[in-house]
2 protein chains.
Amino acid sequence: MPTSTVENYLKAILVRSSDEVGVVSTGALAEALGVTPGTITTMVKSMAARGLLEHQPREGVRLTPEGRAHALAVVRKHRLVETFLVQVLQMDWKEVHQEAEALEHAISDRVLLKIDAILGHPAADPHGDPIPSRKSPVLGRGKGVTLASCEPQKQLRVERILDQSAPFLEFIQKSGLMPGARVRVRERDRASGVVRCDLKEGETTLGLPEAAKIEVKVS
Amino acid sequence: MPTSTVENYLKAILVRSSDEVGVVSTGALAEALGVTPGTITTMVKSMAARGLLEHQPREGVRLTPEGRAHALAVVRKHRLVETFLVQVLQMDWKEVHQEAEALEHAISDRVLLKIDAILGHPAADPHGDPIPSRKSPVLGRGKGVTLASCEPQKQLRVERILDQSAPFLEFIQKSGLMPGARVRVRERDRASGVVRCDLKEGETTLGLPEAAKIEVKVS
DNA sequence: ATTTTGTCTTTGACGACTCAAAGAGTTTAT
DNA sequence: ATAAACTCTTTGAGTCGTCAAAGACAAAAT
């Protein structure tokens, strides 16, 4: 049974292996996990020895089917727990990511099944991130249109928030841009790097990089 | 912040320091925690250095106020989680102890507050163990009468089960001796070591050591 | 083609937790 | 009172996850 450290490594690799080959550099992992590059090399070697991933020295790392399956299970746990914390325990939207970060390693499959059932087998968590089911290799990230890339003036619906940091989520909450909200891009100015949107509660303004973290759908 | 290992040591000491002085031998801890005596000595020294307990070599160990407070917080977490798993997640009575053993180290105080509120601030967990509140030094164990020590023929009510092992809990469940159940000792035979009880569902028989694990109250 | 720069790996070390086995202290028995 | 038995501590060692610093490699610049 992998330790929670190993589970965090698996998750970090999975989330960052979006391209076809699914290779992640050890440097990117060091950055993501907040440890030194040497630590990554050491851990990666031991995980490779355990069959969780393959390591091409100086190239990068790729999950094996087993590693990938385990990583997906952890992500599933994380997202179901987040959903549970919001819907059942009524916790604040911007706190649950941090809480789930700890709980995902402590919750058994038995408990997870109960949670999943109580929630009615949800397809997405409170940030709009899809919840992988027990077998599907789902994990699309940033495939869709965002507030930075959509056509202006169209009626949109917020689908997903691609940044779980507390300050960003707080801004989202304050401005009413949470998943499900209706929104329309009134004006986007490449020169000033500003996006101005209309929504029910009024108007809001944000920078282009921030707008790129809000996935939307024409509605 | 203590690691979960340290929290388990604290809990083990608290639960075993029932007498006045509150001293626990390192041998008893080794037994309880399933590690070798040498390991206990080492850990105990480092915990003493951190101010969580006092260690009289070859005498035993006693929690400091700080250690005791932390131990109580862990026990509170454990018992609230157990109650939550049974009442909200509808989990099986005999599974929740094991689950809570992991969750008690991962759940934040924020989440605990929500759980406590949803449950309506319960005073006891599903086994009848009292849930310490944030300040009270409550932790009586085995103070009351048990099926092995009560007067026969009296109408009793099961208060508390003093053994969380799955096989024992299964027996309790099967025979209907769960907390709250009405029961009467029909006959107790010291020679054969057998206690025979009547309850609504019929009759049940158990050994004296087992009967001593069932705390009751005259009703 | 060399050098520089940047990234990745190796090496030596440490803290937390653990064991096995040897040593020391205390209690009990004879 | 001395030995035997029991309990506790010490010592040496191992695993896991980590760092700092030194070394190796590859890509980019001159």
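What you see is a predicted model, and the numbers here were worked out from it, not measured in a lab. Residue numbers start from 1 in every chain, and the chains themselves are labelled A, B, ... in the order their sequence lines are given, proteins ahead of strands.
We find that CD of B:Glu7 is positioned 11 Å from P of C:dC17, with the value rounded to whole Å. Atom CG in B:Leu33 sits about 18 Å away from atom P in C:dA16, given to the nearest Å. In this entry the distance linking CE of A:Met43 with C1' of D:dT18 reads 10 Å, nearest Å. Taking atom CE of B:Met47 as the reference point, atom C1' of C:dA16 lies 13 Å away to the nearest angstrom. Rounding to whole angstrom units, CD1 of residue A:Ile40 and P of D:dC19 are separated by 9 Å. Between the P atom of C:dT26 and the CD atom of B:Gln56 lies a distance of 13 Å, rounded to the nearest Å.
At D:dG17, one or more side-chain N or O atoms of A:Thr3 fall inside 4.0 Å of OP1 or OP2 (strictly under the cut-off). Phosphate proximity of C:dT9 to A:Thr41: present, with a side-chain N or O under 4.0 Å from OP1 or OP2. At D:dT9, one or more side-chain N or O atoms of B:His55 fall inside 4.0 Å of OP1 or OP2 (strictly under the cut-off). Side-chain nitrogen and oxygen atoms of B:Tyr9 include none within less than 4.0 Å of the OP1 or OP2 phosphate oxygen of C:dA16.
With respect to B:Lys11 and B:Glu7, no salt bridge is recorded, no charged nitrogen being found less than 4.0 Å from a carboxylate O.
Nucleic acid contact class of A:Thr5 (heavy atoms, under 4.0 Å, all strands): sugar-phosphate only. Here B:Thr36 lies in heavy-atom contact (under 4.0 Å) with a base. A:Ser25 comes within 4.0 angstrom of sugar-phosphate atoms only, judged by non-hydrogen atoms across all strands, and of no base. Residue-level contact check: B:Thr26 touches the backbone only, with heavy atoms under 4.0 Å from sugar-phosphate atoms and none from bases.
Of the two residues contacting DNA chain C, namely B:Arg50 and B:Gly38, the nearest-nucleotide position lying further toward the 5' end is that of B:Arg50. Ranked by how close their nearest DNA chain D nucleotide is to the 5' end, A:Val35 and A:Glu59 are led by A:Val35.
The two residues B:His55 and B:Pro57 come nearest to each other via the heavy atoms O-CD, 3.2 Å. For the pair A:Leu208 and A:Ala148, the tightest heavy-atom approach, listed with the atom from each and the gap, is O-CB, 3.8 Å.
Annotation: B:Glu187, atom CD; neighbour count of heavy atoms from other residues, nucleotides and ligands within 6.0 Å is above 12.
Comparing D:dG17, C:dT18, D:dT9 against the side chain of B:Arg58 picks out D:dT9 as the nearest.
A heavy-atom distance below 4.5 Å is not found between the side chains of A:Leu162 and A:His127.
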